[in-house]
Amino acid sequence: MVDGSIKHRLTALVEEAAGACIAEGLLKLENLPPVEMEMTKEAAHGDYATNLAMILASPARMSPRKIAEMITGHLRDERNILEKSEIAGPGFINFFVREQVWAEELKDIERLGKSYGSTDTGRGRKIQVEFVSANPTGPLHIGHARGAVVGDVVANILAMSGYDIFREYYINDAGNQMNNLGKSVWYRYLELLGKSVEFPDTCYQGDYIRDIAGDILKKDGDLYLAKDEGETIRAFTDYAAGIILEGIKEDLKEFGIVFDRYFSERVLYVNDGVAGLLADLEEKGFIYREEETLWFKTTDFGDDKDRVVVRKNGEPTYFAADIAYHKNKYERGFDTIIDIWGADHHGYIPRMHAGIQALGHSRETLRVVLVQLVNLLRDGKPVAMSTRSGEFVTMREVVEEVGRDAARYNFLMRRSDSHLDFDLEVAKRQSNENPVYYVQYAHARICSILRMAQDRGIGMPASADVDPQLLRIPEEIALIKALIRFPEIVEGSARTLEPHRITFYLNDLAGLFHSYYNKYKVISEDEAVTKARLFLMKCIAIVLNNALLLLGVSAPEKM
RNA sequence: GCGCCCAUGGCUCAGCUGGAUAGAGCGUCGGACUACGAAUCCGGAUGUCGCAGGUUCGAAUCCUGCUGGGCGCACCA
């Protein structure tokens, strides 16, 4: 239980002690700032430490050490979790937790099982995460894949933190690009019928276009030759977009990503979403006209310059539709909206913020996660890619080649906003260069131990039959402390929208386990110790499993 | 020209809301399988946290300037 965690209990102890000092007039303060309690890096500094005394030094006009003494003097450890507390360095208060307390925590982890790590931080608030959102003009490529995983895992993390999550894909199925798609199919169709045509280089070159044209030919023959070209192109656009979108959905599903909804940009026009938005903005006085062009005063909200929402030719811009889309999101009752964008769109953020503020929503309700580009490599050498020429490595190809688990894990090994080198050969390699197997191996190894114990007639002990005192080797304490950190890691990851924190945590935890495994035997002649260690193993497996699940990566029992 | 992001061992990167002696992996050198799974482990070496100031008890972290790199600055999406 998070409320009962050691960290929270210590924090409460310190708050009470400091509160008592204030009440007695020893500390002259109006109110107490939030108490920071952190696990220490070094054993000499105890298990947890707080810097509160140093924070208070200036406002209370006292020396940090003096304040620390007062606070420690007022600690009332009624639940007896502390071995001792010490004042150290410039004024840290270090807490040494009684050994027995650690192992007791294990029992909570075991009891909570699959729900360990979940919190109610979000209290059911509704969050929509919009990601991928590629135009249906071609299959998803490697760059989309990273955004897809980041979005999916951010959503998972928030869900584990108690938010009500809705995953959405915005289909950019209006505008020029779509028209180009239809044309592309049209020209290939003509080619297949033996007409000599010049294929424009603004059109999509990929082989999938030819396949689609071929399908149409097989189905309907040459009957489109007699029809109106513009009408045919529109029909081809719809047909191609439908096929491609189905392919995208399938590819995403293979990658473990399922959306709650695919939202069509066209629907915004059909339902007057865009027109309604413009009327709304105009009424609020954020729109002005310059000849035939309509401008939105985004500078009122800190943007560099105003933006066009309706072009000279009368057509609304992409931006106009996007604000209408976000308006629609808010109308559906989401408390927070998260957009996952390619980092090259960062310049778009101020105007989007302007858009939602004009609609009366605070800046903070729209959070944008930027995902940097992926450098695709093979054995250290860049893989040539060019969307124009149709030479790109698709997401499907990558997933098929390296596997879902390795692909997902590799996309989460860096902060989202930093560039990522993705080496196809390294991602397939079963070594330390490829941490996904390192972590999965830890899980498989534990399962193997548990099987072995089972074979030897040693079942998993019930919680009550485990003597916590028997887990006191430093490596065991370190493992338990790592397990205890998990809910905090999830919480931090949710707060900052940084999924890579889970990945790094998993590497740490797996490392601690492998190290312990090589040094000590879990199953031994000593039955009581064996039981205690088996119990510890089970808890490690629980956390590995929960964390991997969060990343959408499997936790195999055998490899 | 303006704006955003980045700069940490040879390489690729972590570093939580400022905390105590800056960490991993790769690579390198040297070790561990008659052992619950060697897809593992143990040990050695490697740093002016781009540069210069500032803020304070304390700065890789915050502020300013500079250098170097990426991206953006559409009536494209």
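The sequence lines fix the lettering, A, B, ..., with proteins before strands; numbering per chain opens at 1. The figures here come from the full heavy-atom set of this structure, side chains too, leaving out hydrogens, waters and symmetry mates.
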*asked:* Would you say A:R415 places a side-chain N or O within less than 4.0 Å of OP1 or OP2 belonging to B:rG15?
replied: yes
*Compare side-chain N and O positions of A:Y409 against OP1 and OP2 of B:rG25 and report whether any pair is under 4.0 Å apart.*
no
_Between B:rG54 and B:rC13 - P atom distance, rounded Å_ = 33 Å
*Phosphate oxygens OP1/OP2 of B:rA14: is one of them under 4.0 Å from a side-chain N or O of A:S418?*
yes
_Counting only side-chain nitrogens and oxygens, does A:H45 get under 4.0 Å of the OP1 or OP2 atom of B:rU21?_
no
_Is it the case that the ring center of A:Y505 lies less than 6.0 angstrom away from the ring center of A:F486?_
yes
*Could you tell me whether the side chain of A:N51 has a donor or acceptor atom within less than 3.5 Å of a complementary atom in the base of B:rG19?*
yes
_Taking atom types as they are modelled, would you say the side chain of A:T293 forms a donor-acceptor pair with the base of B:rC75 within the 3.5 Å cutoff?_
yes
_Whole-angstrom distance between B:rC11 and B:rG50, as gauged at atom P_ = 14 Å
*Write down the partner of B:rG50 under the Watson-Crick or G-U wobble criteria, each distance required to be under 3.5 Å.*
B:rC66
*Given the P atoms of B:rG65 and B:rC26, what is the spacing between them in whole Å?*
41 Å
*Is any side-chain N or O of A:R445 closer than 4.0 Å to OP1 or OP2 of B:rA38?*
yes
*OP1, OP2 of B:rA20 versus side-chain N and O of A:T40: anything below 4.0 Å?*
no
*A:Y441 and A:F513 aromatic centres sub-6.0 Å*: no
*If you take atom types as modelled and just measure distance, does the side chain of A:N94 reach the base of B:rA20 with a donor-acceptor pair under 3.5 Å?*
yes
*asked:* With a 4.0 Å limit, can you tell me whether A:K41 has a side-chain N or O closer than that to the phosphate oxygens OP1/OP2 of B:rA20?
replied: yes
*Is the base of B:rC71 touched by the side chain of A:H346 through a donor-acceptor pair closer than 3.5 angstrom?*
yes
*Pair partner, B:rG3 [Watson-Crick or wobble, under 3.5 Å]*: B:rC71
_From the set B:rC41, B:rG37, B:rC36, return the single nucleotide nearest to any side-chain atom of A:V522._
B:rC36
*If we take the C1' atom in both B:rA52 and B:rC29, what is their distance in whole Å?*
39 Å
_Does B:rA39 have OP1 or OP2 under 4.0 Å away from a side-chain N or O of A:Y437?_
no
